[in-house]
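Notes follow the structure.
Quick note on labels: first sequence line is chain A, next is B, and so on, each numbered from 1.
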There are 2 protein chains.
Amino acid sequence: MQDAENKMLEKLAGFLKIVGDTNRLRIIWVIGKGERPVSEIINETGLSQTLVSFHLKVLREAEIVETERRGVFIYYRLGNPGLIDLLSACGEYAHKLTGEITPGFTWPCPPWFNK
Amino acid sequence: MQDAENKMLEKLAGFLKIVGDTNRLRIIWVIGKGERPVSEIINETGLSQTLVSFHLKVLREAEIVETERRGVFIYYRLGNPGLIDLLSACGEYAHKLTGEITPGFTWPCPPWFNK
DNA sequence: GGCTCATATAAGTTGCTATTCATATAAGAT
DNA sequence: ATCTTATATGAATAGCAACTTATATGAGCC
């Protein structure tokens, strides 16, 4: 029972660690707009090919993203598009913590996240 | 505009990094049940005094927790109790990714998080 | 087959961060 | 003022995770 909680917290920490990286978030944000081949992800993020490949592997192994090969290209998409909502809620939370105002950006928060 | 997004993603990553640590999550979970003096946190988590103190400092500087001294004791509480809901939603998400079943534990997910 | 483009993997380096050990501060009690 | 209890800080270590450079795989094309 205590053990079950610990196990879940470890799993949660693992997940948060994976999404808690700026470059991976950048990638997730690109893919969140719709499936993309790796080359597109490289272009849109401006990251090096190997670095993108490295992070995609992490996301793949965590089953956060899915892949599909079509010809030469390998398309990546989110396993569950709800991830953007979830992360946006976290972003909104984090944003309020610091209290700063960053114009030109609003988190695409789902309706359920008011406060 | 692109820049604003980057800034927000960095802030988000920072937040997720902070909560993405098993021991900090343990501490957050203890505090989430109500305010606690440090000694209680040490007892309930089983972590060493210095380690708890270290993690509390991180949480304090991120303004995730608040403190209040009463006599010899320093009480810690969540700055925003909604954090547990938010993290539970993440936990539920992470849990579904792996597909495993862990009996004896259910995330205290808020009603707004269905899927 | 050989060539090119798209993506992945391997090995090596570096830097950060959790942890520990030792010490300091701060408050109350005697 | 000293002693004890509660908490914080500093320095040192260790392990890991991001990033880079170099190389491999894999698909289509000529």
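For residues 31-51 of chain B, the set of pairs meeting the ring pair (Phe, Tyr, Trp, His ring centres under 6.0 Å) definition, not counting sequence neighbours, is empty. Among residue pairs with one or both ends in residues 104-113 of chain B, none qualify as salt bridge (Lys or Arg N to Asp or Glu O under 4.0 Å); sequence neighbours excluded.
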Could you go through residues 55-63 of chain A and list every donor-acceptor pair under 3.5 Å that involves a side-chain atom there, pairing it with any protein atom two or more places apart or in another chain?
{"unit_1": "His55(A)", "atom_1": "ND1", "unit_2": "Arg24(A)", "atom_2": "NH1", "d": "3.1"}
{"unit_1": "Arg60(A)", "atom_1": "NE", "unit_2": "Tyr76(A)", "atom_2": "OH", "d": "3.1"}

Identify every side-chain donor-acceptor pair in residues 9-20 of chain A under 3.5 Å, counting partners at least two apart or on other chains, and give the distances.
{"unit_1": "Lys11(A)", "atom_1": "NZ", "unit_2": "His95(B)", "atom_2": "ND1", "d": "3.4"}
{"unit_1": "Lys11(A)", "atom_1": "NZ", "unit_2": "Thr98(B)", "atom_2": "OG1", "d": "3.2"}
{"unit_1": "Lys17(A)", "atom_1": "NZ", "unit_2": "Gly20(B)", "atom_2": "O", "d": "3.3"}

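Annotation: side chain of Ile27(B) is in contact with side chain of Thr45(B) (closest heavy-atom distance under 4.5 Å).
Checked against ring-ring contact (aromatic ring centres under 6.0 Å, His included), Trp107(B) has the following partners two or more places apart in sequence or in another chain: Trp29(B), Phe105(B). Remark: Tyr75(B) pairs with Glu35(B), Pro37(B), Arg70(B), Phe73(B) by the side-chain contact (heavy atoms from CB on, under 4.5 Å) rule, at least two apart or across chains. Applying the salt bridge (Lys or Arg N to Asp or Glu O under 4.0 Å) criterion to Arg69(A), with sequence neighbours excluded, gives no partner residue. In this structure Arg26(A) satisfies the salt bridge (Lys or Arg N to Asp or Glu O under 4.0 Å) test with no other residue, sequence neighbours excluded.
Across its full length, the helix from dG1(C)-dC30(D) to dT30(C)-dA1(D) shows an angle of 10° between the axes of its 5 terminal pairs at either end, rounded to 10 degrees.
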**Asked** Where along nucleotides 19-30 of chain D does protein come under 4.0 Å, by heavy atom, of base (B) or sugar-phosphate alone (S), with - for untouched nucleotides?
**Response** SSBB----SS--

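A 4.0 Å heavy-atom criterion places the boundary nucleotides of DNA chain C facing chain B at dA18(C) to dG28(C), written 5' to 3'.
Listed by residue number, the members of residues 29-46 of chain A with any heavy atom below 4.0 angstrom from DNA chain C are Pro37(A), Val38(A), Ser39(A).
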